[in-house]
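Labels below follow one simple rule: chain letters A, B, ... track the order of the sequence lines, proteins then strands, and each chain is numbered from 1. Heavy-atom basis, side chains included; hydrogens, waters and symmetry copies ignored. Remember, predicted model here, so these are calculated numbers, not experimental data.
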Amino acid sequence: MTYEPRRLERKWQERWEDGGRYEADPGDDEDATFVTVPYPYPSGGMHIGHARTYTVPDVYARYRRLQGDDVLFPIAWHVTGTPIIGAVNRLQKGEEEQLSVLRDTYNVPEDELEELETPMGFARYFIENHYKRNMKSLGLSIDWRREFTTNDERYSKFVTWQYETLREDDRLEKGFHPVKYCTEEENPVTTHDLLEGEDAERQEYTLVKFGLGDTKVPMATLRPETVRGVTNAYVKPDGRYVEAEVDGETWLISHEAAHKLTLQQRDVEIVEEFSGEALVGERVENPVTGEDVLILPADFVDPDNATGVVMSVPAHSPDDWMALQAAKADEERLREYGIDPAEVAEIEPKAIIDVEAYDDVFPARAAVEEHGITSADDPALEEATQEVYNREFHAGTLKDMYGEDAGAVVEDVRDELAARYRESGQFDAMYDFSEPVVCRCGGTVEVAEQETWFLTYNDEDWKALAHEVVSEMDVVPETSRDQFDHTIDWLEEWPCIRNYGLGTKLPWDDDFVIEPLSDSTIYMAYYTIAHRIEDVPPEELTAEFFDALFDGPEAVEGEAPERALELREEWDYWYPVDYRVSGNDLISNHLTFFLFHHADLFERANWPEGVAIMGMGLLEGEKMSSSKGHVVLPAEAIEEYGADTVRFFLLNSAQPWQDYDWRADEVASTRKSLNRFYERAEEVVDLDTPAREDVELRRIDRWLLSKLQRTVETTTDAMDEFETRSASQEAFYRFEEDLRWYRKRTDTERPAATWVRQEVLCTRLRLLAPVVPFLANELHEALAGVPVEDAAWPEVDHDLVSTRVEVEEELIESLVDDVRDIVEVTGTDPESITVYTPADWKGTVFETVAETGTDVGAVMGKVMQKESLRERGDAVNDLVQDLVADVREYDDEELAALEAVDERELYADAAGFLAREFDATVDVVPEADATDEKAEQAVPFRPAIRLE
RNA sequence: GCGAGAGUGGCCGAGUGGCCAAAGGCGGCGGGCUUAAGACCCGCUCCCGUAGGGGUACGUGGGUUCGAAUCCCACCUCUCGCACCA
């Protein structure tokens with residue numbers, strides 16, 4: 001029979017479905033296992049990377065079931081927020097890129113595109129046709145009764161309860177927050193909605209309010225600490241500028257800046273408009289030093305960047321250095337603007353930061369010279385600027401004129417210094433992007449400040465609780481634990497609502513929707529009751545209901561709702577989450593939010609017990625990308641290779657937390673391996689099971705059984721740690737090598753060998769069942785009469801472990817290797833092989849070394865007490881040196897086993913095998929009986945060899 | 001820049017103080033099986049070597065140690081995350 005994975009997979013899939021195999025209900029397991037994975041976001045189809053994400057928890061779930069646990073593995077669908085709405089909008093507008101992704105990447109049939117034109121229609125399509133179908137084909141052991149979407153009415157009631165509770169706990173706060181805002185649509189937008197500037201950074205500029213009489217000219221800078229180094233300012237002469245009342249002050253800023261400030265909740269009223277030229281030649285007063293500086297004309301100034309007026313610090317900015325040189329050089333232009341060139345010529349850079357990296361008081365000059373920059377449009381100028389900025393930021397110290405800040409490193413003092421001047425009114429601030437940002441609608445996107453609600457992840461007491469969760473939970477891999485602690489420390493308040501999108505309305509203000517990363521922090525709790533809450537009318541799902549459900553009857557005043565208490569049993573049974581399996585990119589938000597919310601909302605006993613982190617996937621060495629069509633669809637992969645192969649490849653090519661690479665040729669070779677395994681297994685299944693009395697185990701049989709026990713042990717350890725790669729490597733590939741040796745070494749047709757092979761197969765199928773459930777169930781049922789999932793995870797049978805036999809086989813193996821080496825080096829094909837076993841006195845020396853340890857002196861002392869050895873002098877000395885080196889390589893158990901080995905008997909026993917292997921006659925001769933002087937080379941466990 | 005992770009043979013990838021010239025796979029070479037191809041099986045695949053040996057090697061440069069791919073320091077390179085995006 002050949003291996004036909006698809007046929008066999010359909011059969012098991014049907015059996016599981018019909019029997020509701022993975023529907024998990026509370027039973028009497030003291031420590032039921034609950035494993036979850038982030039619910040998919042069906043804003044598009046599923047690719048092979050997703051397949052792995054969901055298979056990892058499935059493997060663990062299957063493993064725990066074999067270990068006898070009740071296991072719950074549920075799934076649901078995340079539809080909150082704007083991505084799906086955005087996708088639908090793009091579809092409705094007929095955007096080519098979107099249509100191509102749907103048609104070509106995800107194979108949506110033309111006549112079904114229409115269904116996708118509503119958000120939930122769109123989501124439903126991908127849920128049913130991609131995610132659900134693929135998950136079933138992959139054999140995920142999901143309890144399908146519990147699925148829901150985050151747009152469901154009852155789920156919303158649950159989230160409502162969550163946010164009302166958080167508010168009562170003082171975890172929410174109202175305030176302003178910068179957002180990307182489309183000035184055309186007058187709406188906040190997401191990265192997804194952008195046509196240009198997806199990578200734009202939002203920068204917070206400090207505005208240094210230079211004075212022009214009572215009027216302020218705010219100069220934008222990212223380096224507020226350079227305020228004492230300003231020598232002049234620049235404005236774009238033909239730019240549009242305005243005089244505006246800003247929060248009661250008169251500011252001169254660019255026209256664009258005035259608009260931006262309006263969006264940033266500043267009270268702005270434009271008084272009059274003028275051209276930048278009007279400012280040129282004016283002198284403005286530095287609010288910190290009181291010095292007057294001249295405003296020069298410069299075309300490089302962009303009115304659409306921050307305030308459109310910039311201050312110049314030529315000593316520390318290569319850009320400014322070059323600009324000042326240029327200004328001084330172009331006297332004619334200065335005169336044009338009515339500036340006395342002599343006045344400009346007098347402008348001297350002011351050094352204000354010490355930095356060792358440059359051997360010049362003016363780092364800017366040094367950098368310009370080092371980079372050989374001669375003109376302002378040299379591309380190296382940007383590099384030089386960046387270099388100076390970096391060096392000064394990390395290693396620069398402020399000079400004496402900074403008073404109390406003098407000597408401080410820029411990095412340590414910048415923010416504080418800016419805050420201080422802001423406080424006292426000399427500075428201000430505004431946001432702007434680092435590059436133009438354009439919405440898909442064509443409108444300009446700006447930074448706007450919007451009133452919003454925040455989750456106060458910056459609260460110290462909340463952070464402390466979250467740290468406690470981290471310290472008590474299991475983190476796989478352990479190296480990720482620091483990242484959680486780090487994220488907790490770093491998180492500030494998180495705006496948790498949006499103006500529009502799918503999901504749950506903010507309970508006390510239905511203009512707002514709770515955003516996706518905020519409505520998905522405790523939903524694992526919802527899984528425990530998702531299928532049963534369907535029977536409860538939504539209007540009964542009050543705060544009281546959930547209080548009683550999650551906190552118990554005493555948590556509500558008066559009579560607790562009866563239905564809630566019924567559901568509470570289910571929640572009690574499954575919670576807490578044993579493992580949350582999720583991507584490493586989610587540590588910095590979702591996973592950490594998950595910890596915060598659990599810490600606040602649930603009692604300690606229900607805090608998460610573990611997280612397992614997943615790596616990222618590549619496709620043929622490159623990033624997957626659905627817009628480029630560079631994806632592999634699970635359905636196609638399964639059709640081509642079979643689900644077990646897909647699973648096996650995904651879990652065996654790297655540990656879950658490591659990045660992996662889907663390579664078609666490697667997947668194909670995985671398929672071949674499974675093929676081979678299956679065919680061999682079928683042969684073993686078909687053999688008659690020998691009668692017990694016919695079974696007489698030989699050394700090699702006991703060796704294989706011993707190896708099998710080791711395999712059970714290491715595989716179990718690996719599975720406990722989510723090391724799916726180690727587990728499958730061990731149970732599959734590693735053990736294949738043992739079998740190869742076994743087949744080479746012995747007649748596998750013997751009854752005992754048949755018995756051993758069936759025993760081995762049965763155990764391996766159980767070890768492999770979590771990873772390749774279809775194949776393992778099929779073969780196990782054929783072999784043992786029941787599907788593997790009705791069997792138990794194997795346990796180590798200590799009676800079958802024999803270090804002695806293992807050590808003996810190693811000796812035979814190294815004997816074969818040595819013979820092969822000699823054959824190769826000499827290029828001969830021997831007719832006869834003579835194996836000389838070492839003389840007894842050598843064995844005595846070995847025993848002494850084994851007992852005494854690796855101290856050569858001590859061994860020699862003991863050995864030389866024996867008359868018979870003393871007379872051998874140097875020979876003994878040499879042997880001791882060698883044996884000490886050998887012995888270091890073994891542990892105590894192996895040494896004891898070695899001492900018990902009778903080499904002569906062992907090699908004689910293997911003579912037949914050696915003879916077959918090399919097609920030669922084999923003799924085993926003790927050194928004492930040998931006439932060949934070669935025999936003297938024999939040392940314990942390294943017999944001398946003569947080939948002829 | 002900040003935070004985290006990583007750099008091993010032609011490629012992928014194990015290996016965290018001596019069993020390491022370094023598992024396994026892919027690719028390559030030779031052989032077997034076969035009418036043949038595929039599949040499968042066996043062996044080889046850093047350099048030198050007609051006896052199981054020696055040399056060089058694990059990003060680079062130092063150091064610790066009797067001994068380093070493995071520990072320490074510095075540097076270089078790469079990947080991911082850095083916030084309102086799920």
B/rG27 -> Watson-Crick or G-U wobble partner, both distances under 3.5 Å, gives B/rU45
Test: A/Arg764 cationic atom under 6.0 Å from A/Phe735 six-membered ring centre, within 45° of axis: no
A/Arg740 side chain near B/rG43 phosphate (N/O to OP1/OP2, under 4.0 Å): no
Just N and O in the side chain of A/Arg734: are any of them under 4.0 Å from OP1 or OP2 of B/rG25? no
Do the side chains of A/Glu683 and A/Arg680 get close enough for a salt bridge, i.e. N-O under 4.0 angstrom? no
Distance test, side-chain N/O of A/Arg725 to OP1/OP2 of B/rG13, below 4.0 Å: no
May I ask which nucleotide in the shown strands pairs with B/rG7, Watson-Crick or G-U wobble, both distances under 3.5 Å? B/rC76
If each of A/Thr80 and A/Ser669 is mapped to the nucleotide of RNA chain B with the nearest heavy atom, which maps nearer the 5' terminus, i.e. the 5' end? A/Ser669
Quick check on B/rA51: is either OP1 or OP2 less than 4.0 Å from any side-chain nitrogen or oxygen of A/Lys934? no
Any salt bridge between A/Asp738 and A/Arg734, counting N to O under 4.0 Å? yes
Counting just side-chain N and O atoms, does A/Thr82 come under 4.0 Å of either OP1 or OP2 of B/rA86? yes
What does B/rA69 pair with, Watson-Crick or G-U, if both distances are under 3.5 Å? none
Given B/rG1, B/rA4, B/rG52, which nucleotide is nearest the side-chain atoms of A/Phe393? B/rG1
Identity of whatever pairs with B/rA39 - Watson-Crick or G-U, under 3.5 angstrom: none
Quick one: on RNA chain B, does A/His590 or A/Ala654 contact a more 5' nucleotide (nearest heavy atom)? A/Ala654
Identify all side-chain donor-acceptor contacts of residues 449-456 of chain A below 3.5 Å with residues at least two apart in sequence or on another chain.
unit_1	atom_1	unit_2	atom_2	d
A/Thr456	OG1	A/Arg171	O	3.2
A/Thr456	OG1	A/Asp459	OD2	3.1

Report yes if at least one side-chain N or O of A/Gln658 is closer than 4.0 Å to OP1 or OP2 of B/rA14; otherwise report no. yes
Does B/rA83 have OP1 or OP2 sitting under 4.0 Å from an N or O in the side chain of A/Lys180? no
Please evaluate the base of B/rG52 for a donor-acceptor partner in the side chain of A/Asp818 within a cut-off of under 3.5 Å? yes
